[in-house]
Trainee: 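Sharing a structure, written as structure tokens. Questions coming.
Reminder, nothing fancy here: chain letters follow the sequence lines and each chain counts from 1. Being a predicted model, the structure only gives us computed values, none of them experimental.
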Protein chains: 2
Amino acid sequence: MTSVDEPSRPGGRDRDAARTRAEILDVATQEFARAGYDGARVDEIAARTRTTKRMIYYYFGGKEQLFTAVLERAYEAVREAEQQLDVTGLDPVAAVRRLAELIFDQHERHPDFVRLAGIANMRGAEHIAASAQLGRAGSPALDVIRRVLAAGRESGRFRADVDAVDVHALISSFCFFRIANRHTFRALFDRDLADPARRGHYRTLLGDTVIAYLTAERPAD
Amino acid sequence: MTSVDEPSRPGGRDRDAARTRAEILDVATQEFARAGYDGARVDEIAARTRTTKRMIYYYFGGKEQLFTAVLERAYEAVREAEQQLDVTGLDPVAAVRRLAELIFDQHERHPDFVRLAGIANMRGAEHIAASAQLGRAGSPALDVIRRVLAAGRESGRFRADVDAVDVHALISSFCFFRIANRHTFRALFDRDLADPARRGHYRTLLGDTVIAYLTAERPAD
DNA sequence: GTCTATAGATAGATAGAC
DNA sequence: GTCTATCTATCTATAGAC
């Protein structure tokens, strides 16, 4: 434990541990997202920071723990963005659309996060299970969905048999797929789901779909 | 070019090239799906076949081309399954549900394919672009969607502004996410999307959602 | 805390006999 | 077409001086 009150020394060498840690995490995020877990190179990460490979092992212990730290920070950023969401004053239908669009925009703006999530799943998400922090942090978005669904049911506009976690899965699946699978989809169907010219279209389509599901009569067949 | 008419020699050594190729592809499919592209080991693939590593390079040229061959076969299997789909006699709503359930079941039954698709996307799907076969094979499912949408529009039950490729993306996204991202989703929301006990629920939810979207009035807000 | 140098293991790919 | 042996490169991780 060294002094916490020494952010940097003007003119001198930067010895701020927190800053170094953050820089490593920034670069590691890019490298893992670019090349996958096995494809990522600790040497490459070190080369692109102002520190050395030795320090990565010093701070994080190893590649595995470094990836866990990268994931934790990425999910923490998602939670922070979700906490900015304010749907007070909106009717349930508008609130659901607002929420869906926030999640949509998050995926659009952070393709690195999408790739990291894909990598984590490919490895069984043991990094998340191993992280005491991540599993218990909760989801601001899910809290919003719960409240909005309750309001929508009460007003009679929403189906009564809808589960909040399912709604989150429905929204996330489309947002994730659009970014993560755009390459195969484009190769197979000749359409770029992530084309900026179509962003508004898919943003609206997602909201329409979720609202249609929530407000539908139970299908006849 | 050797003789094509020599499937195997009873009692003797198996020298059927097609059979050896197929065996390599089977094992390689499992290994790539298990460990990812970089994580997969050519040694490991060879060890689990009756042939040797040398033959893998002899038949396929290298790891990269082997993965391309694995992908091609996986997508070909998808196309074959889709060609079994028969929706004649069904009204458009029932036909859409049947189609969605077929795609759902495909993902459920072939998690390896889901993982391979994820790997291909992580690598920019260059394997598909590089494959003359895959890009131009077309999609039986998409053909069905086109026909069903036209019928649904004609009967006045479906929205007129719906695109067939978008419907395919909507269906696939949920099916893909449910399998591919089940680990992070479970860690974050404590729900296993791929739990067999919930399979019917999500199968129905998918059909409900797509039908709700297709039959919805244009949302008011 | 930071650096250089290197250990130790293993990968993809190939040579060359048969 | 099939085998054994091996090349060459490279990766994660660490030792040890300062």
Trainee: Take atom CD1 of B:I56 and atom C1' of D:dC3, then tell me their distance rounded to the nearest Å.
Mentor: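 Atom CD1 in B:I56 sits about 14 Å away from atom C1' in D:dC3.
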Trainee: Within this structure, what is the CE-to-C1' distance between B:M55 and C:dT14, rounded to whole angstrom?
Mentor: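 It is 14 Å, rounded to the nearest whole Å.
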Trainee: Please list, chain by chain and in numerical order, all residues satisfying ring pair (Phe, Tyr, Trp, His ring centres under 6.0 Å) with A:Y37, sequence neighbours excluded.
Mentor: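 Result, ring pair (Phe, Tyr, Trp, His ring centres under 6.0 Å) vs A:Y37: A:F32, A:F67.
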Trainee: Strictly below 4.0 Å, N to O, side chains only: are A:E31 and A:R48 in salt-bridge contact?
Mentor: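 Looking at A:R48 together with A:E31, the answer is yes, because their closest N to O distance falls below 4.0 Å.
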Trainee: Between atom OH in A:Y59 and atom P in C:dC3, what is the gap in whole Å?
Mentor: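 Going from OH in A:Y59 over to P in C:dC3 covers 10 Å.
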Trainee: Between A:T52 and C:dC3, is there a side-chain N or O to OP1/OP2 distance below 4.0 Å?
Mentor: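 Checking A:T52 against C:dC3: at least one side-chain N or O falls below 4.0 Å of OP1 or OP2.
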Trainee: Can you name the ring pair (Phe, Tyr, Trp, His ring centres under 6.0 Å) partners of A:F189, sequence neighbours left out?
Mentor: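 Result, ring pair (Phe, Tyr, Trp, His ring centres under 6.0 Å) vs A:F189: A:F185, B:H168.
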Trainee: Nearest-Å distance, CG (B:D16) to C1' (D:dT2)?
Mentor: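 The distance from CG of B:D16 to C1' of D:dT2 comes to 15 Å, rounded to the nearest Å.
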Trainee: Pick from B:F177, B:Y202, B:F174: which one makes a side-chain contact (heavy atoms from CB on, under 4.5 Å) with A:L170?
Mentor: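 Per the side-chain contact (heavy atoms from CB on, under 4.5 Å) rule, the option paired with A:L170 is B:F174, out of B:F177, B:Y202, B:F174.
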Trainee: What is the distance, rounded to the nearest whole Å, between atom CZ of A:F60 and atom P of C:dG1?
Mentor: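 So the CZ-P distance, A:F60 to C:dG1, works out to 13 Å.
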Trainee: Counting primed atoms plus P, OP1 and OP2 as sugar-phosphate and everything else as base, spell out the protein contacts along nucleotides 10-18 of chain D at 4.0 Å heavy-atom distance: B, S or - for each nucleotide, 5' to 3'.
Mentor: -SBBBBB--
Trainee: Rounded off to whole Å, could you give me the OH-to-C1' distance for the B:Y58 and C:dA15 pair?
Mentor: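 The distance from OH of B:Y58 to C1' of C:dA15 comes to 16 Å, rounded to the nearest Å.
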Trainee: Is there a side-chain contact between B:D26 and B:R73, using heavy atoms and a 4.5 Å cut-off?
Mentor: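 They are in side-chain contact.
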Trainee: With the threshold set at 4.0 Å, does a side-chain nitrogen-carboxylate oxygen contact exist between A:R178 and A:D192?
Mentor: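 Answer for the salt bridge query: no.
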